[in-house]
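All chains are named by letter (A, B, ...) in the order of the sequence lines, taking the proteins before the strands, and each is independently numbered beginning at 1. Here the structure is a predicted model, which is why all the values come from computation and not from measurement.
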Amino acid sequence: MDRRVRVRFAPSPTGPLHIGGVRTALYNYLFAHKHGGDFLIRIEDTDQTRFVPGAEEYIIESLKWLGIEASEGIGFGNGKHAPYRQSERKPMYKDFAMQLIANGHAYYAFDTAEELDSMRDRLKASNVDAKYDAITRGTMKNSLTLSEDEVNRRLENGDAYVVRFKLPRKEEVKFEDEIRGWVSFNTNQMDDKVLYKSDGMPTYHLANVVDDYLMEISHVIRGEEWLPSAPLHVLLYRAFGWENMMPKFAHLPLLLKPEGNGKLSKRDGDRLGFPVFPINWIDPITQELSSGYREAGYLPKAVVNLLAFLGWNPGTQQELFSLEELVQAFSLDRVSKSGAKFDQNKAKWFNQQYVRQLADEALAPVLFEALGNIGTTDQFSHDFLLKVCSLVKEKISFTNEIWEYSKYFFIAPIEYDMQVVNKRWTDKTPKLLGDLIEDFEQLSSFTQETVEASYQKALAKNEVQGKDFLQLFRVILTGVAGGPPLFEIAALIGKTESLNRLRNALSNITK
RNA sequence: GGCCCGUUCGUCUAUCGGUUAGGACAAAAGAUUUUCAUUCUUUAAAGAGGGGUUCGAUUCCCCUACGGGCUACCA
């Protein structure tokens, strides 16, 4: 059956979206575009106790920053299947739960939390798997054990109830995962999952299956943590009689911690020194900040590129891909099966590649902002900023490093790299600097070439070797030992500033 | 504990029974750059272990080990 490709990213707004989730969204996006289909965003906020204010907005903003745009759903203009927020779809789920009760695939259960606990304790004590299943449900308070009158009495009385799925006994459930191939589970290992909660909300399982069906989802691409509940979902499609409309499943490998143990979690980021969130997040309750890629100086294109390669590869040697190129190259059967550890070095390398490709105009605003922070924006022209960006760009890996590497273009050094000074400052130096100052003053045109000519002249006059002095000259002008070509720096900051810095050095540096 | 998924250089991975097991990041060495960064060259680095199947297994099957996930009226 050939049907229109429709996929969804369905996060729950319980906090900031972490990069594993971003990657899931990305793969969904790539798959949809590859097949000319639709990519939609649905918010799964059925657990009202875990709702976190701002989380939904955060998710949308993150995806927009990365350019992972949905064609339909929350944050991207509703489509024909609105609403796309499950809390707003609440009224429709009950009918589906009732439908399952009517056809014998589900039942009411009235057990209290205490009764469930005592059942589990009892079974655990006798070393049996404690679950609400084909064996134990006969001992519990539900519409299978209670008389019809009693059930009706309780329902009319408004007693709290849940709807549980009546799992078939000892049945092998098989399905073909697009990434893992045939996967099979036996229902005797599963339990009668709650589908409809006592607060009138569906659980993930019901809402997910119902919405995927109603929204005509063709492929469910989600994290591997959902693999164990996939058979339940398959059974639900069957129980509803929707098997011919059941989406294909693709369970993605998990993103693992770099140190090795466990999946990457929300708390790992700042502890390990790299972000696990796309953008900064401030916890609304604790006010604790979790840093994001955006603020850490990553470029969205780099994040997309590096995330795409965590668990997928094109099978060629090409590593740098735009989003459009990824769409062209992407396929589910090149997604790997095993979890990938996040590699900070590789991430840095990807970013560096994109920083270099960045136009000076795109980098200048970052520099401008840094300048604003120290209050000296006015005195520098846009053209000057662009030239600084062009000179410094290849030295940095992250956009927010630009200030650190370029501040001497704007502020005369107050400190000098003393290692260089101690090594290179000799008795001849003051005289040499004096000659340089004299010569610079005579220059009517202060360019890279004229500066270098003056420099060579002064060296010759004082019988100093270039390699003995140049780095000291650099430190005198910039304060630091490394950087772009020195004569270009001098020409850019200009004659007056260069002279100032030479004179400063003469009076400041005492050996 | 039970169930499920996985396992190639330190890391991400290529290989769809026959390869000197390839690439990238990181590491090391050298060259270039008057510095730093870049760039270039080079080096080191892997099939978890054990059984099968086969003329031949990294590749297919089984067992073990290890890693991961799930095991809620959370998603």
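Between A/Lys197 and the phosphate of B/A75, there is a side-chain N or O to OP1/OP2 separation shorter than 4.0 Å. One finds a side-chain N or O of A/Thr46 lying less than 4.0 angstrom from the OP1 or OP2 phosphate oxygen of B/A75. Proximity of A/Arg164 to the phosphate of B/C73: a side-chain N or O atom is located under 4.0 Å from OP1 or OP2. Between A/Arg334 and the phosphate of B/U15, there is a side-chain N or O to OP1/OP2 separation shorter than 4.0 Å. Contact check, A/Ser336 against B/U13: a side-chain N or O comes under 4.0 Å of OP1 or OP2. The phosphate of B/U39 has OP1 or OP2 within less than 4.0 Å of a side-chain N or O from A/Arg356.
Legend: residues meeting ring-ring contact (aromatic ring centres under 6.0 Å, His included) with A/Tyr196, ordered by chain and number and at least two apart, are absent. For the side chain to side chain contact (heavy atoms under 4.5 Å, CB included) test, residues two or more places apart in sequence or in another chain that qualify with A/Thr49 are A/Asp47. Here A/Lys197 pairs with nothing under the salt bridge (Lys or Arg N to Asp or Glu O under 4.0 Å) rule; sequence neighbours left out. A search for ring-ring contact (aromatic ring centres under 6.0 Å, His included) contacts involving A/Phe330 returns A/Tyr27, A/Trp312, not counting sequence neighbours. The ring-ring contact (aromatic ring centres under 6.0 Å, His included) check on A/Tyr213 picks up A/Trp242, with sequence neighbours excluded. Under the rule for a side chain to side chain contact (heavy atoms under 4.5 Å, CB included), the partners of A/Ala302 that lie at least two apart in sequence or sit in another chain are A/Leu299, A/Asn351, A/Tyr354. By the side-chain hydrogen bond (donor to acceptor under 3.5 Å, both in side chains) test, A/Asn127 pairs with no residue at all, sequence neighbours left out.
Rounded to an integer number of Å, the gap from CG of A/Asp129 to P of B/C3 is 9 Å.
Rounded to whole Å, the C1' atom of B/G47 lies 25 Å from the corresponding atom of B/U42. Separating the C1' atom of B/A46 from that of B/U15 is a span of 13 Å, rounded to the nearest Å. Taking atom P on both nucleotides, B/U13 is separated from B/G2 by 30 Å, rounded to a whole Å. The separation of B/G10 from B/A27, taken at their P atoms, amounts to 16 Å, rounded to a whole angstrom. Here the separation of B/A28 from B/C70, taken at their C1' atoms, is 43 Å to the nearest Å. Taking atom C1' in both B/U7 and B/G49, one finds a spacing of 12 Å when rounded to whole Å.
Here the side chain of A/Gln189 is nearest to one of B/A75, B/G2, B/C73, namely B/G2. Counting only heavy atoms from C-beta on, A/Arg120 has its side chain closest to B/C73 among B/A75, B/C73, B/A37.
When heavy atoms are screened at a 4.0 angstrom cut-off, A/Gly311 is found touching the sugar-phosphate backbone but no base atom. When heavy atoms are screened at a 4.0 angstrom cut-off, A/Ser198 is found touching base atoms of the nucleic acid. Across all strands, A/Arg180 comes closer than 4.0 Å only to sugar-phosphate atoms, never to a base (heavy-atom distances). Using a 4.0 Å heavy-atom criterion, one finds that A/Pro484 contacts the bases of the nucleic acid, with or without backbone contacts as well. Using a 4.0 Å heavy-atom cutoff across all strands shown, A/Gly483 reaches at least one base atom of the nucleic acid.
With hydrogens and angles ignored, the 3.5 Å screen pairs a side-chain donor or acceptor of A/Asn28 with a backbone N or O of A/Ile221. With hydrogens and angles ignored, the 3.5 Å screen pairs a side-chain donor or acceptor of A/Asn422 with a backbone N or O of A/Met418.
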Give each protein N/O atom lying under 3.5 Å from an N/O atom of nucleotides 41-50 of chain B, with the pair distance.
none

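Judged by Watson-Crick or G-U wobble contacts below 3.5 Å, the nucleotide B/G67 has B/C5 as its partner.
Each of A/Gln471 and A/Val183 has a nearest nucleotide on RNA chain B; the 5'-most of these lies closest to A/Val183.
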Exercise. Can you give one letter per nucleotide of nucleotides 18-29 of chain B, going 5' to 3': B for a protein heavy atom under 4.0 Å from the base, S for sugar-phosphate only, - for none?
Worked result: -----SBBS---

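The cationic group of A/Arg154 lies under 6.0 Å from the six-membered ring centre of A/Phe110 and within 45° of the ring axis, placing it in a cation-pi geometry.
Note: A/Tyr58 and A/Phe277 have perpendicular aromatic rings, judged against thresholds of 30 and 60 degrees for the angle between ring planes.
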